[in-house]
Number of protein chains: 2
Amino acid sequence: MSRVSEESGTAAKETTTERIPAALRREQILAAASRVFGERGYSGATTDQVAQAAGISQPYVVRMFGTKENLFLEVVARALDKLITTFRVVLAEPQPAGDDDADSLVARLGAAYVDLIEDRGILLSLMQAFITGHDPVIGAKAREGFLQIYRMLRDEAGFPPEIIRDFLANGMLFNTLLAIRLPDIFEDDEAAEELMRCAFRGKLDVVLDATGSHASHAMSAPTGTAGTHS
Amino acid sequence: MSRVSEESGTAAKETTTERIPAALRREQILAAASRVFGERGYSGATTDQVAQAAGISQPYVVRMFGTKENLFLEVVARALDKLITTFRVVLAEPQPAGDDDADSLVARLGAAYVDLIEDRGILLSLMQAFITGHDPVIGAKAREGFLQIYRMLRDEAGFPPEIIRDFLANGMLFNTLLAIRLPDIFEDDEAAEELMRCAFRGKLDVVLDATGSHASHAMSAPTGTAGTHS
DNA sequence: TCTATTTGTAATCATTCGATTACAACATTC
DNA sequence: GAATGTTGTAATCGAATGATTACAAATAGA
């Protein structure tokens with residue numbers, strides 16, 4: 001795929017180039033960039049790939065955000081905001097009476113985290129930022145973002161360090177399994193299936209759905225959950 | 001830093017360009033590449049950076065391995081071998097009588113994993129491979145490598161899936177904390193310190209040592225462990 | 001309608017980077 | 001001590017890519 005804007009491509013992209021308000025176009029670019037950066041990483045992604053995914057020209061992407069780095073930083077900031085907001089919503093919910101505090105709250109936060117997979121690119125863009133810790137600018141933002149999550153879980157959720165550590169550990173495993181594209185081989189490798197059934201539990205369908213890896217295969221618990229419940 | 005081989009640089013590199021047997025030079029390149037790829041990732045690293053870290057010219061690096069991709073794949077394969085071997089050594093050890101099986105074995109495997117930080121780049125190169133799962137070639141190798149670890153923990157260590165999941169989760173968190181360079185701000189951020197004390201436990205010194213983040217600071221348990229015990 | 005602003009692209013530039021080529025210096029063997 | 005192989009680099013090529021420029025077309029405001 002070269003640089004010329006050949007209409008009608010095979011990959012998913014925003015078709016039809018019309019005049020759209022800059023603010024809205026900006027959102028489209030950010031959404032496209034989130035997917036592209038999440039997949040290829042900061043260095044691996046190109047502004048042209050983002051442009052094609054957004055259905056516009058490469059110069060427009062660059063002019064809208066000044067630099068590729070600014071675009072990535074904006075994507076990461078948005079992803080972090082979305083994550084923090086999602087957690088705060090869960091924290092604001094009344095906990096289902098009868099459930100013990102911490103244990104159930106952790107489970108609900110974890111479920112909310114997994115559900116973020118629907119907004120493709122958010123989790124992976126964040127992970128890509130974490131992995132780019134060597135970069136002076138991106139690294140600093142990544143560290144601050146990671147610690148912001150930690151402080152939220154400590155100061156707002158009231159978790160002790162050990163609980164937070166385990167929670168973050170599961171999150172990083174989830175990110176890694178997504179990044180390595182393990183869902184792609186769910187049906188072809190028994191070990192992959194076993195690990196993912198164990199790691200994703202009731203959210204297995206959500207993950208396989210979002211990653212486009214087959215459709216139905218349940219076989220776990222007879223507890224409802226037939227279709228997708230986003 | 002351009003491309004000409006200016007002798008006497010500031011960064012760590014293999015000085016003095018002498019004639020060295022190809023097999024040995026190959027090892028030097030792999031060691032350098034492990035560090036560079038671990039830091040910058042596959043796309044972010046350049047063959048020239050590897051060459052400078054190895055103290056030789058860029059064309060020599062390319063000719064020795066054919067392509068940058070081959071070099072990365074070799075680095076990752078070596079890292080995986082080292083990891084598997086390390087785990088097998090732990091499994092072959094007689095468990096300290098009196099300790100319950102699984103729990104202590106997990107702890108010893110985890111400690112061995114953290115100690116791999118001494119061989120800089122191994123853990124991060126593996127993590128960088130995982131995160132490059134979108135690439136057809138690298139991704140396939142990464143998935144297979146990840147599953148190889150899983151199968152080893154299941155079939156050789158005899159762990160149930162839940163134990164393996166928790167073990168891998170802690171490993172991914174460890175990798176992420178390293179990649180994001182959290183040790184760099186150990187002294188500057190209380191949340192970072194708290195999280196790392198909790199996540200690294202008795203291995204805190206080993207990590208801070210290996211990452212060059214300050215030297216002594218103990219303050220945890222009065223249980224020996226004064227200096228570095230590699 | 002005339003002008004100014006906004007929204008967009010084509011063309012292209014300058015740099016970076018993986019790879020190739022050609023060649024030099026050293027070592028080994030007979 | 002030539003001949004041959006090994007170890008290494010300088011020079012450079014071509015493609016990729018982030019960024020810039022110049023310009024076109026639509027839109028809004030007077």
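These numbers come from the heavy atoms of this one structure, side chains and all, not from hydrogens, waters or symmetry mates. Throughout, protein chains are lettered first and strands after them, A, B, ... in sequence-line order, and every chain is numbered starting at 1.
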query = If you take all heavy atoms of B/Q128 and A/I131, which pair is closest and at what distance?
reply = NE2-O, 3.6 Å
key: Ring center gap for B/F167 and B/F159 short of 6.0 angstrom   = no
ask   = Could you walk me through whether B/R25 and B/Q28 pass the side chain to side chain donor-acceptor pair (under 3.5 Å) check?
value = CA-CA 5 Å; B/R25 185 66 87 183; B/Q28 290 181 348; 2.8 Å; yes
task = Answer whether the closest heavy-atom distance between the side chains of A/Y113 and A/N175 falls below 4.5 Å.
result = yes
inquiry  = As a test of reading the structure: which of C/dC17, D/dT17, C/dG8 is closest to the side chain of A/R25, going by heavy atoms?
reply    = C/dG8
message = Measure CZ/B/R40 against P/C/dG18 and give the value in whole Å, please.
response = 12 Å
request  = For B/E18 and C/dA27, give me the distance from atom CD to atom P, rounded to whole Å.
outcome  = 10 Å
key: A/D48 CG to C/dT12 P, straight-line distance once rounded to whole Å   = 17 Å
query = For D/dG8, does either OP1 or OP2 sit under 4.0 Å from a side-chain N or O belonging to B/Y60?
reply = yes
note = Separation of D/dT7 atom P from B/E27 atom CD, nearest Å, is 14 Å
request  = Run the numbers on B/R154 and A/E190 for salt bridge (Lys or Arg N to Asp or Glu O under 4.0 Å), then give the verdict.
outcome  = CA-CA 12 Å; B/R154 183 189 62 181; A/E190 57 86 23; 2.9 Å; yes
query = Should B/L195 and B/L177 count as side-chain neighbours, where that means a heavy-atom distance under 4.5 Å?
reply = yes
query = Atom CD of B/Q52 to atom P of C/dG18: distance rounded to whole Å?
reply = 12 Å
task = Heavy atoms under 4.0 Å is the rule here; annotate nucleotides 19-30 of chain D 5' to 3' with B where the base is hit, S where only the sugar-phosphate is, and - elsewhere.
result = BB----BBS---
message = What is the separation between atom CD on B/Q28 and atom P on D/dT7, rounded to the nearest whole Å?
response = 13 Å
key: Distance in angstrom units between A/M64 CE and C/dT9 P, rounded   = 10 Å
Ring center gap for B/F200 and B/F174 short of 6.0 angstrom = yes
Separation of C/dT6 P from A/L24 CG (nearest whole Å) = 17 Å
query = Under 4.0 angstrom, heavy atoms only, what part of the nucleic acid is A/A51 near: base, sugar-phosphate, or nothing?
reply = nothing
key: Sugar-phosphate, base or nothing in reach of B/A23, heavy atoms under 4.0 Å   = nothing
